[in-house]
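One structure is given below, encoded as structure tokens.
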Amino acid sequence: MAHNKPEWGVRRLRRTDLPIDTAEMARYLIGKTLVHDLAVGRVSGRIVETEAYVVGDAAGHAFRGLTRRNRSLFLDRGRAYVHFAYGMHMMLNVSSEIRGVGAGVLLRALEPLDGISFMEHWRDHASLLDLARGPGRLAQAMGIDVRCDGLDLCAPGPLWLGASTRPAGEIGSSVRIGVSREARRLLRFYDRNNPYVSGPRSLSA
DNA sequence: AGTGCGATTGACT
DNA sequence: GTCAATCGCACTA
């Protein structure tokens, strides 16, 4: 069960820790930690929900080939791809294949760990449960914007991935949220017993 | 050049 | 439950 215990000694994930397959990466990232070290302090959270946008996926932003906007998806796995959506929201993805192949994992929800007071401020004092529940909220709570696009999450730097802070729970899967193309594919993954998940928690495991 | 729409969210009936 | 906000990009002409 969630307890929001801060964790300052988390080990950074190395690129070699990351699976090279996008769907495997989406499942692997459940339970891992996302950390952003800013001048004001650290914000971090436990990743509880992801979606895979795999190679050849018509719903993926890389589907039509390399452009200025989606270029980070074509970097080696473990890079940040930050997308500006609906004219107002940021969304954070992790690139997930070898260099030159476009695919990524969307981070959809976090259980807040460190820097909760910063998150509350940036999220206009939303409730703890809603601070990072949803991809746009997650980016806002973590202080992530387009300047983070292309950052290497596996290299020394402000934005990085850390190991799990406690044993992973049961992982469920479902169709992706808000996606019309390739809508039947079960490429959303979530921690079944975590209340910080954004959408349905009832579909197949 | 114009149009439609999206990997969303928050406010409102 | 419904709906507007708000803008970059793909697509049509």
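A, B, ... follow the sequence lines: proteins, then strands. Residue 1 opens every chain. The shown structure was predicted, so the numbers you read here are calculated from the model rather than taken from an experiment.
- For A:His89, the side-chain atoms get nearest to B:dT9 when compared with the rest of B:dT9, C:dT6, C:dC11.
- Nucleic acid contact for A:His61: base, since at least one base atom lies under 4.0 Å from a heavy atom of the residue.
- Side chain of A:Arg69, nearest nucleotide from C:dC9, B:dA7, B:dG10: C:dC9.
- Cation-pi geometry between A:Arg42 and A:Phe118 is not met: the NZ or CZ atom fails to fall both under 6.0 Å from the ring centre and inside 45° of the normal.
- One can place CG of A:Asp57 at 10 Å from C1' of B:dA7, the figure rounded to the nearest angstrom.
- Using a 4.0 Å heavy-atom cutoff across all strands shown, A:Arg123 reaches sugar-phosphate atoms only and no base atom.
- Using a 4.0 Å cut-off between a side-chain N of Lys or Arg and a carboxylate O of Asp or Glu, A:Arg166 and A:Glu111 qualify as a salt bridge.
- In this structure, CZ of A:Phe84 is placed 13 Å from C1' of B:dT9, rounded to the nearest angstrom.
- Across the protein-nucleic acid pair, A:Met90 atom CE and B:dA7 atom P stand 16 Å apart, rounded to whole Å.
- Counting to the nearest Å, the P atom of B:dA7 and the CG atom of A:Leu138 are 17 Å from each other.
- Between C:dC11 and A:Arg64, a contact under 4.0 Å exists linking OP1 or OP2 to a side-chain N or O.
- A cation-pi arrangement is absent between A:Arg192 and A:Tyr190 under the rule of less than 6.0 angstrom and at most 45 degrees off the ring axis.
- Searching all strands for a Watson-Crick or G-U wobble partner of C:dC3 with both distances below 3.5 Å returns B:dG10.
- Computed from coordinates, the A:Asp145 CG to B:dT8 C1' distance equals 17 Å when rounded to whole Å.
- Looking at which nucleotide of DNA chain C each of A:Asn70 and A:Ala85 is closest to, the 5′-most match is held by A:Ala85.
- Linking ILVMFWY residues whenever their side-chain heavy atoms come closer than 4.5 Å, directly or via other members, leaves A:Met25 and A:Leu187 in distinct clusters.
- In this entry the distance linking CE of A:Met91 with P of C:dC9 reads 14 Å, nearest Å.
- Nearest to the side chain of A:Tyr53, among B:dG10, C:dT6, B:dA7, sits B:dA7.
- In this structure, CG of A:Leu92 is placed 16 Å from P of B:dA7, rounded to the nearest angstrom.
- Rounded to the nearest Å, the gap between the C1' atom of C:dG1 and that of B:dA7 is 23 Å.
- Spacing between atom CG of A:Leu106 and atom P of B:dA7 amounts to 10 Å, rounded to whole angstrom units.
- Here the closest non-hydrogen pair linking A:Ser72 and A:Ala80 is CB-O, 3.4 Å.
- At the phosphate of B:dT8, OP1 or OP2 sits under 4.0 Å from a side-chain N or O atom of A:Arg108.
- Comparing A:Arg181 and A:Tyr86 by the nucleotide of DNA chain C whose heavy atom lies nearest to each, the residue mapping closer to the 5' end is A:Tyr86.
- Ranking B:dT8, C:dA10, C:dT6 by closeness to the A:Thr67 side chain, first place goes to C:dA10.
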